[in-house]
Amino acid sequence: GFRGGAGGGAAARALGTSLEAETRTLAATQSERLTGELEIELTINGTQQRLTVEPRTTLLDALRWRMQTPLTGTKEVCDRAACGACTVIVDGRTAYACTQLAVDFLGREITTVEGLGQPDNLSPVQQAFCEKDALMCGFCTPGFVVSVTNTLERQPAADLGAIRAGCAGNVCRCGTYPHIFEAALAARDAKGKTSGGAGR
């Protein structure tokens, strides 16, 4: 009985050692596949940018960490496409950057909040956000600016309902919505005046 028990224990240990070795080999193989990097070229704010990324790198991480000049205006907040802080414009439509892979954006036009205007040359929406105090902590602000901009580009005469619908994927945890929508309407009216245009 003793010999049988000892033999069974030895066999179990040998099997365990074999399984452990196979698991380590498999893990190493998968790690090699996941960490391989490749060069890609993305069109960001009208300029061709060459980046080195892993296949699993999100567009958000590529913008913030893989650019020669990082574009940190696109914010990482929820990291699960639930708050809109990472909103960018892709081929004329808003998109979340936190849950989509950078390699899927080859040949597409990407616009970030930096591509809309600069501190010394603000866009009408950025200017209105400043004038109407449409921010508090600021984490959600770039996403709202991008969403409002895209809404007004697609609907220059958008009313409050259309603007709210255009920002439906953006969340302001500070509750600054009244100022945000006031800024959006002000930007719409300012753009309308410069283009000969649309009222409320």
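Position 1 is the first residue of the sequence, and the numbers go up from there.
- Rounded to the nearest 0.5 Å, atoms CG (L160) and CZ (F181) are 6.5 Å apart.
- The minimum heavy-atom distance between A183 and A134, with the atom names listed, is CB-CB, 3.9 Å.
- Rounded to the nearest 0.5 angstrom, Q49 CD and M67 CE are separated by 4.0 Å.
- L101 and V90 fall within a single hydrophobic cluster, where Ile, Leu, Val, Met, Phe, Trp and Tyr side chains are chained together by heavy-atom contacts under 4.5 Å.
- Residue E114 comes nearest to T72 through the heavy atom pair OE2-N, 3.3 Å, listed as atom of the first residue, atom of the second, then distance.
- Of all heavy-atom pairs spanning C167 and V148, the tightest one is SG-CG2, 3.6 Å.
- The two atoms that bring A158 and R188 nearest to each other are O-NH1, 2.9 Å, heavy atoms only.
- Across all non-hydrogen atoms, the minimal contact from A162 to T151 is O-CG2, 3.8 Å.
- Here CG of L51 is found 5.5 Å from CD1 of I44. Values are rounded to the nearest 0.5 Å.
- With values rounded to the nearest 0.5 angstrom, E76 atom CD is found 11.5 Å from L63 atom CG.
- Between the side chains of T94 and N150, no donor-acceptor pair of N or O atoms lies under 3.5 Å.
- Smallest separation of non-hydrogen atoms from S123 and L116: CB-O, 3.3 Å.
- Atom OG1 of T141 is separated from atom CD1 of I180 by 6.5 Å, given to the nearest 0.5 angstrom.
- Within 6.0 Å of the OH atom in Y177, the count of heavy atoms belonging to other residues, nucleotides or ligands exceeds 12.
- A heavy-atom distance below 4.5 Å is found between the side chains of C83 and R173.
- Going from atom CG of L42 over to atom CD of E109 covers 11.0 Å, rounded to the nearest 0.5 Å.
- Under a hydrophobic clustering in which Ile, Leu, Val, Met, Phe, Trp and Tyr are joined whenever their side-chain heavy atoms come within less than 4.5 Å, directly or via other members, L152 and L185 fall into the same cluster.
- With a 4.5 Å cut-off on side-chain heavy atoms, C98 and D79 count as touching.
- With hydrophobic clusters built from ILVMFWY side chains whose heavy atoms lie under 4.5 angstrom apart, L60 does not share a cluster with F105.
- The hydrophobic clustering, which links ILVMFWY residues whose side-chain heavy atoms are closer than 4.5 Å, places L122 and V145 apart.
- Here the side chain of D91 pairs no donor or acceptor atom with the backbone of R108 at under 3.5 angstrom.
- Residues V113 and V77 do not share a hydrophobic cluster, defined by chaining ILVMFWY side chains whose heavy atoms lie under 4.5 Å apart.
- Side-chain contact between E54 and R66 is present, with heavy atoms from C-beta onward closer than 4.5 Å.
- Without hydrogens or angle criteria, N45 side chain to T112 main chain gives a donor-acceptor distance under 3.5 Å.
- The number of heavy atoms from other shown groups lying within 6.0 Å of CD (Q68) does not exceed 12.
- Not one N or O on the side chain of T176 forms a donor-acceptor pair closer than 3.5 Å with the backbone of H179.
- Between the side chain of E39 and the backbone N or O of R50, no donor-acceptor pair lies under 3.5 Å.
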